[in-house]
Amino acid sequence: VGTETGNPNAEYRFDPLRSHTDEALRLFMRRLRPVVEAAERLHTVIAIEPAYTHIVHDAQSARAVLDAFPSPALRIILDPVNLLHPSNLARREAVITSALELLGPRVAAIHLKDYVPEGDALRAVASGLGEMDDRPVLAYAARHLPDVPILLENTAPHNAAAARAHVERLLDTVP
């Protein structure tokens, strides 16, 4: 089972004053505990997907959750674009490298998509249609996560074949 981590309000809306706080992270972990316990009992996996506009918003907050729950029943869905925001875009390589180093061994699935900057936001698009360089993620996956599924996001019938071809071209360059 996979889920995003949301925000501490009923509107599920990013709140720059509350979403990234220790208080919000503690609340999330309190609410996650029975879910992880149920996953353990059922011999299944719950995977959380960090996203910049959610409570679990970066590799460090995701690592804090994993450290609080050392259970193999809790894993990560790694979507590199979800970790990016105009405020950290200049450091995108470091953001992605940190995510791979801190979260890699607990990744259950990888989501690939691309992004286009639009003012104070990033618009998600199909792989190959924006500015994302997926080669580091694909190289890491090839070396360390060969059995982890990689899923294309933000694809539709009109762009799915091109997105797949783009990823296959990138895979041809991965050592």
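Position 1 is the first residue of the sequence; numbering continues from there.
- The shortest distance between side-chain heavy atoms of T5 and P50 does not fall below 4.5 Å.
- For the side-chain contact (heavy atoms from CB on, under 4.5 Å) criterion with Y115, the lone passing option out of L89, L129, V125 is L89.
- Heavy-atom neighbours of D67 CG from other residues, nucleotides or ligands within 6.0 Å: above the threshold of 12.
- Cluster membership check: L27 does not share its hydrophobic cluster with L66, using side-chain heavy-atom separations under 4.5 Å among Ile, Leu, Val, Met, Phe, Trp and Tyr.
- In E11, the CD atom is crowded: over 12 heavy atoms of neighbouring residues, nucleotides or ligands sit closer than 6.0 Å.
- R63 approaches L103 most closely through the heavy-atom pair N-CD2, 3.7 Å.
- Note that the CD atom of E49 and the CG atom of N82 stand 5.0 Å from one another [nearest 0.5 Å].
- In the hydrophobic clustering of this structure, V1 groups with L74; members are Ile, Leu, Val, Met, Phe, Trp, Tyr whose side-chain heavy atoms approach within less than 4.5 Å, directly or through other members.
- Without hydrogens or angle criteria, R135 side chain to L170 main chain gives no donor-acceptor distance under 3.5 Å.
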Evaluation steps, side-chain contact (heavy atoms from CB on, under 4.5 Å), between V95 and D58: CA-CA 8 Å; V95 169; D58 60 13; over 6 Å; no
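- Considering every non-hydrogen atom in both H85 and L122, the closest pair reads N-CD1, 3.8 Å.
- R75 places a side-chain N or O within 3.5 Å of a backbone atom of R106 that can act as its donor or acceptor partner.
- Heavy-atom neighbours of R164 CZ from other residues, nucleotides or ligands within 6.0 Å: at or below the threshold of 12.
- From L32, atom CG reaches atom CD of E37 across 9.5 Å, with rounding to the nearest 0.5 Å.
- Looking at heavy atoms from C-beta onward, E153 lies out of side-chain contact with V81 at the 4.5 angstrom threshold.
- Side-chain contact between E131 and P117: present, with at least one pair of heavy atoms (C-beta onward) separated by less than 4.5 Å.
- Not one N or O on the side chain of H54 forms a donor-acceptor pair closer than 3.5 Å with the backbone of Y52.
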Trace of the ring pair (Phe, Tyr, Trp, His ring centres under 6.0 Å) decision for H20 with F14: CA-CA 9 Å; H20 294 177; F14 177 57; 5.2 Å; yes
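- In this structure, CG on L152 lies 11.5 Å from NZ on K113, to the nearest 0.5 angstrom.
- By the rule that hydrophobic residues join a cluster once side-chain heavy atoms approach within less than 4.5 Å of another member, I110 and L171 end up as members of one cluster.
- When L145, L100, L112 are each tested for a side-chain contact (heavy atoms from CB on, under 4.5 Å) with L78, only one passes: L100.
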D114 vs D134, side-chain contact (heavy atoms from CB on, under 4.5 Å): CA-CA, chis, key distance, verdict: CA-CA 9 Å; D114 216 322; D134 285 316; 5.7 Å; no
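- Within the model, atoms CG of L138 and CZ of R143 stand 11.0 Å from one another, a figure rounded to the nearest 0.5 Å.
- Considering all non-hydrogen atoms of both residues, A59 and L102 come closest at CB-CD1, 3.8 Å.
- When the side chains of ILVMFWY residues are joined at heavy-atom separations under 4.5 Å, either directly or via intervening members, V148 and L151 end up in two distinct hydrophobic clusters.
- Between the CZ atom in R92 and the CG atom in L83 there is a gap of 13.5 Å [rounded to 0.5 Å].
- Under the 4.5 Å side-chain heavy-atom criterion for Ile, Leu, Val, Met, Phe, Trp and Tyr, I150 and I77 are members of distinct hydrophobic clusters.
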Chi angles and distances behind the side-chain contact (heavy atoms from CB on, under 4.5 Å) call for I48, I76: CA-CA 5 Å; I48 60 171; I76 294 290; 3.7 Å; yes
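- Shown here for A126 and N154, the closest heavy-atom pair between the two residues is CB-O, 3.2 Å.
- Nearest approach of V174 to A142, heavy atoms of both residues: CG1-CB, 4.0 Å.
- Tested against S19, the residues T53, N9, N7 include a single side-chain hydrogen bond (donor to acceptor under 3.5 Å, both in side chains) partner, N7.
- In plain terms, the two heavy atoms of E101 and P105 that are nearest each other are O-CD, 4.5 Å.
- Atom CG of D22 sits about 8.5 Å away from atom CE of M29, to the nearest 0.5 Å.
- Remark: R31 CZ is loosely packed, at most 12 non-hydrogen atoms of other residues, nucleotides or ligands lying under 6.0 Å away.
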